[in-house]
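A short write-up of the structure that comes next.
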Amino acid sequence: MFPFLSFNLSGLNPVAHYSVCVDVVLVDQHHWRYQGGKWVQCGKAEGSMPGNRLYLHPDSPNTGAHWMRQEVSFGKLKLTNNKGASNNVGQMIVLQSLHKYQPRLHVTEVKEGEGEDGYPSPHTHTFAFPETQFIAVTAYQNADITQLKIDHNPFAKGFRDNFDS
């Protein structure tokens, strides 16, 4: 995901254990198109796409002190529109192109004796930031954004190779 999500956590119990994850949910029931320099709705969203919608931070579970010590980055989270990518469920979230999504952060306290897979659980706090909404694309509509990705996204190697040629 580029640019990647990054959060600062506070208010956790330093000695309790927490799992931190991100999921991505549809914002609306529309298909979007870039037309005339802006995004416009152009019909109904396609049916639900099979695949993973949840990414567990690789440091999970860990102590509250660990999570609050520094920024929690999701730089390794990968997005794809490849339905067959559900085989890599730990690494990729499968989305549909030209649909609008909202990432959500989930912080779940892992209680002694309870499974760590308990998402969502009564111990889960969910946070959504409207400014992180995005429309999934397979090609950028703006040359400046393309150049930004080429310059700063470590996963853009194929992009750099194609752009240079």
Side-chain angles (χ1 to χ4, degrees), residues 1-14 16-27 32 34 39 49-110 116-121 123-165:
M1 180 174 195
F2 180 78
F4 61 85
L5 297 169
S6 187
F7 302 96
N8 288 309
L9 301 181
S10 63
L12 302 177
N13 178 340
H17 284 80
Y18 299 88
S19 286
V20 177
C21 64
V22 166
D23 73 353
V24 180
V25 294
L26 270 174
V27 169
W32 291 81
Y34 194 75
W39 288 100
M49 190 161 171
N52 188 36
R53 288 276 199 296
L54 180 73
Y55 176 82
L56 183 65
H57 193 282
D59 291 354
S60 291
N62 222 312
T63 64
H66 171 83
W67 295 118
M68 294 187 294
R69 185 175 309 127
Q70 62 191 14
E71 196 173 74
V72 179
S73 168
F74 287 86
K76 294 186 179 186
L77 166 60
K78 295 179 184 174
L79 304 177
T80 184
N81 66 343
N82 180 353
K83 296 174 187 144
S86 57
N87 301 340
N88 295 329
V89 290
Q91 295 181 319
M92 293 196 186
I93 291 181
V94 180
L95 304 177
Q96 290 177 287
S97 294
L98 304 176
H99 289 66
K100 187 182 280 190
Y101 290 96
Q102 170 72 64
R104 300 183 305 177
L105 175 70
H106 303 281
V107 180
T108 303
E109 186 174 354
V110 179
E116 293 171 8
D117 313 335
Y119 162 80
S121 88
H123 312 292
T124 299
H125 294 276
T126 299
F127 305 91
F129 304 95
E131 61 272 20
T132 62
Q133 290 182 7
F134 65 94
I135 295 174
V137 297
T138 54
Y140 291 112
Q141 307 295 320
N142 178 319
D144 293 338
I145 298 298
T146 302
Q147 190 59 50
L148 185 69
K149 181 171 183 172
I150 290 168
D151 293 343
H152 299 286
N153 185 352
F155 299 111
K157 181 186 179 319
F159 227 107
R160 280 189 287 276
D161 294 345
N162 290 336
F163 197 78
D164 291 342
S165 60

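Along the sequence shown, residues are numbered consecutively beginning with 1. Please read these numbers as outputs of a predicted model, since none were measured by experiment.
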Among all residues two or more places apart in sequence or in another chain, which pass the ring-ring contact (aromatic ring centres under 6.0 Å, His included) test with [X]?
X	value
His17	none
Phe4	none
Phe127	none

Close side-chain approach of [X] to [Y], heavy-atom, < 4.5 Å:
X	Y	value
Met1	Phe134	yes
Trp32	Val27	no
Val20	Phe74	yes
Thr63	Pro14	no
Ile93	Thr80	no
Asp23	Thr126	no
Leu5	Val22	yes

Distance-minimising heavy-atom pair for Leu56 and Cys21: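 Nearest pair, atom of Leu56 first, then Cys21: CA-CB, 3.8 Å.
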For the student: nearest non-hydrogen atoms of Ser19 and Ser60, plus distance: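 Heavy atoms only, the tightest pair is CA-OG, 3.5 Å.
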Under the side-chain hydrogen bond (donor to acceptor under 3.5 Å, both in side chains) test, residues paired with Asn13 that sit two or more places apart: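 Result, side-chain hydrogen bond (donor to acceptor under 3.5 Å, both in side chains) vs Asn13: none returned.
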By side-chain hydrogen bond (donor to acceptor under 3.5 Å, both in side chains) - contacts of Gln102 (at least two apart):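 Gln102 satisfies side-chain hydrogen bond (donor to acceptor under 3.5 Å, both in side chains) with Thr132, Gln133 once adjacent residues are dropped.
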[atom1]/[X] to [atom2]/[Y] distance, rounded to the nearest 0.5 angstrom?
X	Y	atom1	atom2	answer
Ile135	Leu95	CD1	CG	12.5 Å
Tyr55	Lys78	OH	NZ	9.0 Å
Asn81	Met92	CG	CE	10.5 Å
Thr124	Leu105	OG1	CG	10.5 Å

Would you confirm whether [X], through its side chain, and [Y], through its main-chain N or O, come within 3.5 Å as a donor-acceptor pair?
X	Y	result
His99	Ser97	yes
His57	Ser73	yes
Asn62	Asp59	yes

Pair Tyr18 and Trp67, ring centroids less than 6.0 Å apart: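 Not close enough - the centres of the two rings lie 6.0 Å or further apart.
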Contacts of type side-chain contact (heavy atoms from CB on, under 4.5 Å), residue Glu71, not counting sequence neighbours: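 Testing Glu71 for side-chain contact (heavy atoms from CB on, under 4.5 Å), a comparison that skips the adjacent residues, returns Ser6, Asn8.
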